[in-house]
Amino acid sequence: MEQPRQPPELTDEIIGEIVLRLPPDDPACLVRASIVSKLWLGIISDHTFPGRYRKFHRKAPMLGFFENIYNVFCFVHRFVPITAASPPFRPPECVYRGSRILDCRHGRVLLDDMGSGKFTVWDPITGHRRDLHKPSVPYGSYAAVLCGTDGCDHLCCHGVPFFVVFVWPDNNVGVTSACVYSSETGAWGTPASVHSGVNSFGSFTKFSVVIGDEIHFATSDKILKYDMGKHRLYMIDPPDYCVDDTLLMSMEDGSLGFAGCRNYCIYSWSRKVNSDGVPRWMQCRVIELRKLIPAIKSQARVIGSAEGLGAILVSSEGAGTFMIELKSGRARKIDQLANFAVFPFLSFYTPDFSSARLPFLVKSNYSLLNRIVW
């Protein structure tokens, strides 16, 4: 009688290829793989693995959303994971109450402590934070945080320099200014200004959009662009539109995008250079929400976007909140969001930087795993 064939033994190389393909948006997969055997544990705990893992996946995954909630006369904020195994990030207690999230990018969160006149730049993965004083300017200013390393692929921005871009209007003279904080110098730079018109900047939206060295903010009737390389501010006309709740976003191709809802439809535009070398707004597509999401019975609002992923967040009373990929038209429901100000958080959650935070996923009888890997 012929004996059944034994499956070939997995080599280190094959196991390495298997674990590289574990989904980065579910951090618990790495922990579960680590407890398969000492061999698997050794491969994942190797100092070269996190870098190869990030390079293989090429884009940081979305782990969840931070959001501001107005509660008992002050702001609080929380993290809403998109998978059951995503990490429960919580801001430091000293900035938890009475502060609001202004921006979230390249693995960092920018918090505005409204009572102390300080910003806090916080890395949820490593737990590192830095406080910095805000410039003394009128109320109503907005800011963006971004990686400060030239040529960075933004797969792993933990521990590297960062910038905070601070923007404020002076409606009395019709001028808007911007200055930049560098974590390397620990100081704010000289402001750059542009004539924006009196009262033109009375209504900033909640989000900034970064494309290369350019940071964009939407105002009540214009788009403000700050070019960090040239240290100059520019005014851009938005597309001709007739939609509500408009939102700036970055598209998958790296262009500046613009979206809004009207009559149960999402309209989106992209700003691209035409054959004459002139930037123009081009309408990309129209998505009929009630065909895509039958549960929507009332007017929808756009409440956020995922930078570089070509996805927006749409909320409708009674139906909930959905993340919609503009290119594919696919929709995914996101539970537990309060729909006030939502900031997607994109970052890898690998053992080289999350050593102080991953043990909550590991049972106590895996002490060896805690000791060696995390």
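By the salt bridge (charged side-chain N to carboxylate O under 4.0 Å, His left out) test, Arg130 pairs with no residue at all, sequence neighbours left out. In this view, Asp153 satisfies the side-chain hydrogen bond (donor to acceptor under 3.5 Å, both in side chains) rule with no residue, not counting sequence neighbours. Residues satisfying the side-chain contact (heavy atoms from CB on, under 4.5 Å) test with Ala319, not counting sequence neighbours, are Ala295, Ile296, Ser316, Phe322. A search for side-chain hydrogen bond (donor to acceptor under 3.5 Å, both in side chains) contacts involving Ser305 returns nothing, not counting sequence neighbours. With sequence neighbours excluded, the residues satisfying side-chain contact (heavy atoms from CB on, under 4.5 Å) with Tyr53 are Leu20, Leu22, Pro24, Leu30, Phe49, His57, Phe348, Thr350. Annotation: salt bridge (charged side-chain N to carboxylate O under 4.0 Å, His left out) contacts of Arg105 (sequence neighbours excluded): Asp103, Glu307. With sequence neighbours excluded, the residues satisfying salt bridge (charged side-chain N to carboxylate O under 4.0 Å, His left out) with Lys291 are Glu288. With sequence neighbours excluded, no residue forms a salt bridge (charged side-chain N to carboxylate O under 4.0 Å, His left out) with Lys297.
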Output side-chain donor-acceptor pairs under 3.5 Å for residues 223-238, partner residues at least two apart or in another chain, one line each.
| residue | atom | partner | partner atom | Å |
| --- | --- | --- | --- | --- |
| Tyr226 | OH | His231 | ND1 | 2.6 |
| Asp227 | OD1 | Gly229 | N | 3.0 |
| Asp227 | OD1 | Lys230 | N | 3.1 |
| His231 | NE2 | Thr190 | O | 2.7 |
| Asp237 | OD1 | Lys222 | NZ | 2.3 |

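When every heavy atom of Asp240 is checked against every heavy atom of Trp269, the shortest pair comes out as O-CZ2, 4.0 Å. Heavy-atom minimum distance, Asp46 versus Pro50: O-CD, 3.5 Å. Shortest non-hydrogen contact noted between Gly254 and Ile211 is O-CG2, 3.0 Å.
Counting only residues at least two apart or in different chains, salt bridge (Lys or Arg N to Asp or Glu O under 4.0 Å) contacts with residues 15-24 comprise Glu17-Arg21. Residue pairs meeting the side chain to side chain donor-acceptor pair (under 3.5 Å) criterion with at least one member in residues 275-286, sequence neighbours excluded, do not occur. The stretch residues 169-189 participates, sequence neighbours left out, in these ring-ring contact (aromatic ring centres under 6.0 Å, His included) pairs: Phe166-Trp188, Tyr181-Trp188.
Seen from the ring of Tyr142, Arg100 counts as a face-on cation partner, given the 6.0 Å and 45° thresholds.
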Derivation and outcome, side chain to side chain contact (heavy atoms under 4.5 Å, CB included), residues Thr321 and Val314: CA-CA 6 Å; Thr321 302; Val314 175; over 6 Å; no
Intermediate values then yes/no, side chain to side chain contact (heavy atoms under 4.5 Å, CB included), Ser45 and Ser34: CA-CA 8 Å; Ser45 61; Ser34 299; over 6 Å; no
Intermediate values then yes/no, side-chain hydrogen bond (donor to acceptor under 3.5 Å, both in side chains), Asp123 and His128: CA-CA 5 Å; Asp123 185 333; His128 180 267; over 6 Å; no
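Note: Phe345 and Phe66 meet the aromatic proximity criterion, with ring centroids under 6.0 Å apart.
At a threshold of 4.5 Å between non-hydrogen side-chain atoms, the residues Ile215 and Val167 do not count as touching. Proximity of Phe258 to Leu247: side-chain heavy atoms (C-beta onward) are nowhere separated by under 4.5 Å. Counting heavy atoms from C-beta outward, Cys284 and Met251 have side chains that approach closer than 4.5 Å. Between Cys147 and Val160 the shortest side-chain heavy-atom distance falls below 4.5 Å. Looking at Leu256 and Leu248, their side chains come closer than 4.5 Å, going by heavy atoms from C-beta outward. Using a 4.5 Å cut-off on side-chain heavy atoms (C-beta onward), Cys179 and Trp168 make contact. Contact of the Leu110 side chain with the Val164 side chain is registered, since non-hydrogen atoms from C-beta on lie closer than 4.5 Å. Within the 4.5 Å cutoff, no side-chain heavy atoms of Val109 are placed close to those of Phe343.
Within a 6.0 Å sphere centred on CG of Asp150, other residues, nucleotides and ligands contribute 12 heavy atoms or fewer.
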